[in-house]
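Scroll down for the structure; my scribbles are underneath it.
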Amino acid sequence: MDAPIQKIEPMSAARTSPTTGQTIRLHILRYNPADPGSRPHMQTFELEQTEGMTLFIALSEIREKQDPSLQFDFVCRAGICGSCAMVVNGRPALACRTLTKNVGPDITLAPLPFFELIGDLSVDTGKWMRGMSERVRGWLHMKNPSPDLSRIEEAMDPDLADKIYELDRCIECGCCVAACGTARMREDFVGAVGLNRVARFRLDPRDARTDADFYEVIGDDDGVFGCMSLLACHDVCPKNLPLATQIAFMRRKMVRIGFS
Amino acid sequence: MKIVYTDVLVIGGGLAGLRLGIGAKRRGHDVIILSLVPPKRSHSAAAQGGMQASLANVIKGQGDNEDVHFEDTVRGSDWGADQEVVRMFVNTAPKAVRELAAWGVPWSRVRQGDRQVVINGKQVTITERAEAHGLVAQRDFGGTKKWRTCYVSDGTGHAMLQTMSDQAIGASIPVHERMEAIALIHDGARCYGAIVRNLVTGELSAYVAKATAITTGGAGRLYRVTTNAVICDGIGHAIALETGVAALGNMEAVQFHPTGIFPAGILVTEGCRGDGGLLKDGDGHRFMPDYEPEKKELASRDVVSRRMEEHIAKGKGVKSRFGDHIWLDITLLGEKHIKHNLREVYEICHYFLGVDPVKDMIPVRPAQHYTMGGVRTNPTGESPTLKGLFAAGEAACWDMHGFNRLGGNSVAETVVAGMIVGEYIADFCDKIENDVDIPTRVVHDFLRREQLALDGLSNGTGNADASEIKARMQEIMTDKVGIFRTGKDLEQAVDQLQKLFVRSRGIGLRSHTPGVNPELVTAYRTQKMLKLALCVAHGALTRTESRGAHYRQDYPRRNDAEWLKRTLATWKSDASLPTLSYEALDVRRMELPPGWRGYGAKDYVDHPDTAARQAEVDATKARSTERFDRQRALMPYEQLLPERLRGRNERVDDRIAATPPPEAEEAQGFVWETE
């Protein structure tokens with residue numbers, strides 16, 4: 001009440017981002033399976049490109065201003081949750097962190113193949129990922145399921161913790177499966193995402209399982225022996241996970257079990 | 001009509017909901033978790049920097065314990081927190097980190113020996129103890145006396161959520177994905193579950209449960225500039241409010257994070273500053289020490305955000321095409337540190353800004369970040385007014401954050417509250433008198449009501465545009481209910497939001513496609529969000545003081561004499577404003593009576609009971625030197641914790657102190673237990 005009130009400009013001083021002066025065209029594969037009248041077709045939307053425009057911003061603008069029925073999935077819009085993978089100009093990628101100026105002015109968008117289509121650019125990766133996780137038993141099988149929480153935690157080598165985190169960085173976006181040749185032929189293939197999960201737990205000394213246990217879940221053609229080493233998973237992974245290396249490594253370990 | 005029955009219905013598949021569900025399931029109850037998205041995509045994953053727990057493994061954490069964490073949290077809250085709940089929290093946080101360490105989280109670990117760190121802009125060598133080698137490491141964060149924030153590189157929330165979700169799968173807990181609770185089923189006294197919309201087919205169904213838990217996170221999307229994910233619309237808050245019975249606590253307490261990248265508002269972690277990063281102005285000058293000589297860049301978030309905006313208002317910001325901003329400089333941390341411990345930050349700068357933070361500074365400006373307010377609960381996590389309704393995590397006002405949350409205390413709250421409330425929910429379900437006896441007719445009535453409301457939107461004759469109303473609401477909130485608030489702005493905000501609320505009843509849809517219909521989703525969510533926006537704005541207008549993140553330029557002082565109380569908002573049907581009431585905080589029972597926070601403003605109006613209570617506290621402290629006795633004498637809380645979560649937390653210093661000298665060891669036949 002004492003000091004005169006200094007007018008502080010609202011922090012949304014950035015009203016609207018300045019335009020770059022370029023028009024971009026998004027060619028989007030449209031199909032709504034819930035609508036019996038819907039047929040798959042391409043539809044083109046034109047909009048003004050603004051500074052720093054991502055596909056998240058562009059698609060949101062289209063839904064708000066041009067076509068409210070357009071379906072897509074974004075959650076974090078910061079490249080960390082894996083919701084928004086789609087095929088951008090023929091290549092699986094995270095839409096939220098794709099700048100339109102890097103892929104335009106003509107941008108073709110399609111939903112990820114392989115996964116169940118919900119509509120337009122939205123696919124059900126969640127259902128598939130849960131199923132995969134159940135199949136590869138993708139959770140830490142604790143050596144000690146009821147540790148005394150009041151006692152100091154078990155020590156772990158700092159480098160090993162970092163190595164586990166490296167594989168734990170997977171965001172289950174589905175790009176690796178969408179780009180996978182084996183997945184096209186074998187619908188039960190667990191994919192690079194599944195094999196990476198197993199590799200992560202195999203590396204973890206807190207997990208009670210042995211190679212023989214892991215062989216039970218991935219020691220067949222739907223698992224590590226299904227991979228044809230086409231390496232597309234490795235190329236498209238938005239988190240740059242060493243997928244091909246992990247698969248090759250797991251295959252060597254599993255071969256050893258297979259022959260023993 | 002489809003009715004699904006379960007023991008525990010958890011609404012929200014983030015860290016709090018998953019941990020709570022696992023707890024109830026372990027106690028033998030059936031659990032179903034509803035989630036808008038696959039659970040690993042929940043906003044918990046966005047927590048980068050870490051989780052506070054006073055493990056005191058690193059040398060800069062030495063001497064840390066529950067008492068220090070308690071005081072930091074209460075000071076951070078600007079004395080708005082429930083101190084008993086803070087005590088429950090700080091005692092459980094180390095257990096939560098240790099549980100997650102056992103469940104698979106790859107916590108970054110301590111490496112013994114010398115290492116280079118940056119403190120206050122200078123390179124310093126610190127030496128980690130051999131005894132701590134391989135234990136969970138901690139980093140520095142704002143508003144803390146010790147290095148207390150446990151982390152996994154800067155993907156802490158991601159790694160925690162991976163492990164938690166994996167363990168939920170391992171426990172065979174069904175997660176019904178792409179399902180949204182749009183109303184709670186209740187009879188005015190007891191909650192019986194929720195009406196749920198399938199976000200793929202558009203169909204409604206009813207989930208009937210003994211206990212219902214809201215764990216839906218925050219409501220950041222009330223604002224235009226926010227770090228929050230696009231799903232953080234606060235619908236969990238809203239359906240509780242719409243019961244007219246459950247109350248929302250302290251909705252005006254909204255946190256703005258100092259370092260949202262500019263202009264997108266995407267978060268870069270407080271770990272940037274915790275690890276030594278600096279804030280610089282348009283002249284390249286490090287300005288925070290001028291304002292906050294004690295904590296500098298590492299004062300609490302509310303204080304740092306205000307100082308940044310104040311500095312910009314003085315014309316000292318960096319000018320850009322998008323408007324003014326501040327620089328975050330982490331170049332002094334070096335390439336190895338950035339690419340190892342701040343790799344998400346590196347990626348975000350690379351992809352969204354085209355900036356290499358190893359060489360260049362990062363443009364930042366404060367952005368809405370955290371909803372301190374939420375469904376008001378008692379310490380067990382249950383609503384005091386609607387039996388059978390529980391809440392945990394950001395969606396709850398439990399209330400451990402008061403008017404400002406400390407960095408690293410949010411993911412910590414999710415798992416700690418999940419552990420505690422999970423036990424209490426199981427206790428609730430154990431009791432035969434809490435069995436569900438609701439007639440299906442009542443369930444039908446709720447379902448029909450919701451279906452009619454949606455049909456009204458789909459087939460109505462309204463012509464108001466949902467997206468436009470939502471955008472307008474977000475503008476009003478960001479412009480007038482932001483970091484700096486005045487009575488005049490807030491009056492305008494309430495008035496404009498009320499008008500929008502009226503307009504939102506006339507929303508019409510342009511699209512009538514079967515299935516999910518995203519426009520319909522925006523429409524019904526916007527109607528609910530406007531109620532929350534009004535709770536925030538009206539609560540802020542009415543609270544004529546400044547406390548924590550709620551800053552009134554026309555009432556710049558914290559006023560304990562009049563405002564040491566929690567705002568409770570309820571919503572009567574057909575109202576266009578919330579009904580506000582207040583719950584006083586009792587100074588006479590506080591372990592830490594109100595005072596100066598140690599940073600920020602030094603003038604405040606004391607509560608009449610503060611001096612007497614402070615004298616009592618001082619006398620008690622003088623009498624007992626042992627810290628546990630002293631704490632018990634000041635404010636006993638252990639009875640509030642589930643029995644299995646009580647007990648003292650061992651630390652590496654206890655071990656070092658307990659290790660007898662080598663000669664004595666042999667004489668006593670002492671065998672050190674190795675792990």
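Each chain gets a letter, A, B and so on, in the order the sequences are listed, and its residues count up from 1.
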| Checking heavy atoms, do the side chain of Arg26(B), its backbone, both or neither come under 4.5 Å from chain A? | side chain
| query | Would a 4.5 Å heavy-atom cut-off, applied to side chains only, mark Met164(B) and Trp139(A) as touching? | reply | no
| said: Using the rule given for side chain to side chain contact (heavy atoms under 4.5 Å, CB included), can you reason through His43(B) versus Val75(A), listing the C-alpha separation, both sets of side-chain angles and the distance that settles it, and then say yes or no? | reply: CA-CA 8 Å; His43(B) 191 54; Val75(A) 178; 5.7 Å; no
| remark: Honestly, the part of His158(B) sitting under 4.5 Å from a heavy atom of chain A is side chain
| query | So which part of Ser165(B) gets closer than 4.5 Å to some heavy atom of chain A, the side chain, the backbone, both or neither? | reply | neither
| message | Quick check on Gln167(B) against chain A: is it the side chain, the backbone, both or neither that has a heavy atom closer than 4.5 Å? | response | both
| message | Assess whether a salt bridge exists between Glu519(B) and Arg63(A), defined as any Lys/Arg side-chain N lying under 4.0 Å from an Asp/Glu carboxylate O. | response | no
| message | Under 4.0 Å between a side-chain nitrogen and a carboxylate oxygen: does that hold for Arg111(B) and Asp159(A)? | response | yes
| note | salt bridge (Lys or Arg N to Asp or Glu O under 4.0 Å) pairs touching residues 30-41 of chain A, sequence neighbours excluded, are Arg30(A)-Asp67(A), Arg30(A)-Asp120(A)
| Non-hydrogen atoms of chain A under 4.5 Å away: do they reach the side chain of Ile169(B), the backbone, both or neither? | both
| query | For Arg343(B) and Tyr165(A), which heavy atoms make the closest approach, and how far apart are they? | reply | CD-CE2, 4.3 Å
| request: Check whether Ala471(B) gets within reach of chain A through its side chain, its backbone, both or neither, counting any heavy atom under 4.5 Å. | output: neither
| Nearest heavy-atom pair of Ser150(A) and Arg648(B): which atoms, and what distance? | CB-O, 3.2 Å
| task | Could you tell me which of Ser511(B), Ser467(B), Gly104(B), Ser108(B) has the largest number of non-hydrogen atom pairs under 4.5 Å with chain A? | result | Gly104(B)
| query | Charged N to carboxylate O under 4.0 angstrom, Arg178(B) versus Asp73(A)? | reply | yes
| request: Identify which of Ala229(B), Gly170(B), Ser35(B) forms the greatest number of heavy-atom pairs closer than 4.5 Å to chain A. | output: Gly170(B)
| task | Could you check which of Gly119(A), Cys76(A), Ser69(A) has the highest count of heavy-atom pairs closer than 4.5 Å to chain B? | result | Ser69(A)
| said: Could you tell me if the side chain of Glu344(B) sits less than 4.5 Å from the side chain of Arg169(A), heavy atoms only? | reply: yes
| remark: Among Ser38(A), Ala78(A), Gly79(A), the residue with the most heavy-atom pairs under 4.5 Å to chain B is Ala78(A)
| task | Look at Ala168(B), Ala102(B), Ala45(B) and state which one has the largest set of heavy-atom pairs under 4.5 Å with chain A. | result | Ala102(B)
| said: Counting only non-hydrogen atoms closer than 4.5 Å, does Thr98(A) touch chain B with its backbone (N, CA, C, O), its side chain (CB onward), both, or neither? | reply: neither
| Taking C-beta and beyond as the side chain, do Met419(B) and Leu149(A) meet within less than 4.5 Å on heavy atoms? | yes
| query | Which atoms of Met308(B) come close to chain A, meaning under 4.5 Å heavy atom to heavy atom: side chain ones, backbone ones, both, or neither? | reply | neither
| field | Among Asn102(A), Asp204(A), Asn32(A), Asn144(A), residue most engaged with chain B (heavy-atom pairs, under 4.5 Å) | value | Asn32(A)
| Options Ala161(A), Ser83(A), Pro33(A), ranked by heavy-atom pairs under 4.5 Å with chain B, top entry | Ser83(A)
| note | CD (Glu347(B)) and NZ (Lys239(A)) are apart, to the nearest 0.5 Å, by 4.0 Å
| said: Under 4.5 Å from any heavy atom of chain B, what part of Phe72(A) do you find: side chain, backbone, both or neither? | reply: neither
| query | What part of Ile57(A) gets closer than 4.5 Å to chain B, counting heavy atoms only: side chain, backbone, both or neither? | reply | neither
| query | Does a side-chain N-to-carboxylate-O contact under 4.0 Å join Glu177(B) and Arg130(A)? | reply | no
| task | Name the member of His141(A), Glu64(A), Glu134(A), Glu51(A) that forms the most heavy-atom pairs with chain B at distances under 4.5 Å. | result | Glu51(A)
| query | Hey, which of Leu55(B), Leu645(B), Val152(B), Ile348(B) has the most heavy atom pairs under 4.5 Å with chain A? | reply | Val152(B)
| Can you name the salt bridge (charged side-chain N to carboxylate O under 4.0 Å, His left out) partners of Lys127(A), sequence neighbours left out? | Glu116(A)
| query | Do the charged groups of Lys95(B) and Glu153(A) touch, with an N to O distance under 4.0 Å? | reply | no
| query | Given the options Thr227(B), Ile312(B), Asp654(B), Val97(B), which has more heavy-atom pairs under 4.5 Å with chain A than any of the others? | reply | Thr227(B)
| request: Report yes or no: do Asp162(A) and His340(B) form a side-chain donor-acceptor pair below 3.5 Å? | output: yes
| query | Are the side chain of Arg651(B) and the backbone of Ile152(A) linked by a donor-acceptor contact shorter than 3.5 Å? | reply | no
| field | Lys65(A)/Glu468(B) salt bridge by N-O under 4.0 Å criterion | value | no
| query | Between the side chains of Arg200(A) and Gln162(B), is a donor N or O closer than 3.5 angstrom to an acceptor N or O? | reply | no
| said: Given 3.5 Å as the limit, does a donor-acceptor pair link the side chain of Arg206(A) with the main chain of Val105(B), or not? | reply: yes
| Do the side chain of Arg41(B) and the main chain of Cys81(A) share a donor and acceptor less than 3.5 angstrom apart? | yes
| request: Indicate the atoms forming the closest heavy-atom contact of Leu99(A) with Tyr351(B), along with that distance. | output: CD1-O, 3.5 Å
| note | Counting heavy-atom pairs under 4.5 Å with chain A, the top scorer among Ala132(B), Gly265(B), Gly155(B), Gly515(B) is Gly155(B)
| note | chain B shares the most heavy-atom pairs under 4.5 Å, among Lys143(A), Arg197(A), Lys163(A), with Arg197(A)
| remark: Rounded to the nearest 0.5 angstrom, the CG-CD distance for Leu199(B) and Gln71(A) is 10.5 Å
| query | Counting distance only, does the side-chain N/O of Asp166(B) pair as donor-acceptor with the main-chain N or O of Leu140(A) below 3.5 Å? | reply | no
| query | If only atom types and distance count, is the side chain of Glu99(B) paired as donor or acceptor with the main-chain N or O of Pro147(A) below 3.5 Å? | reply | no
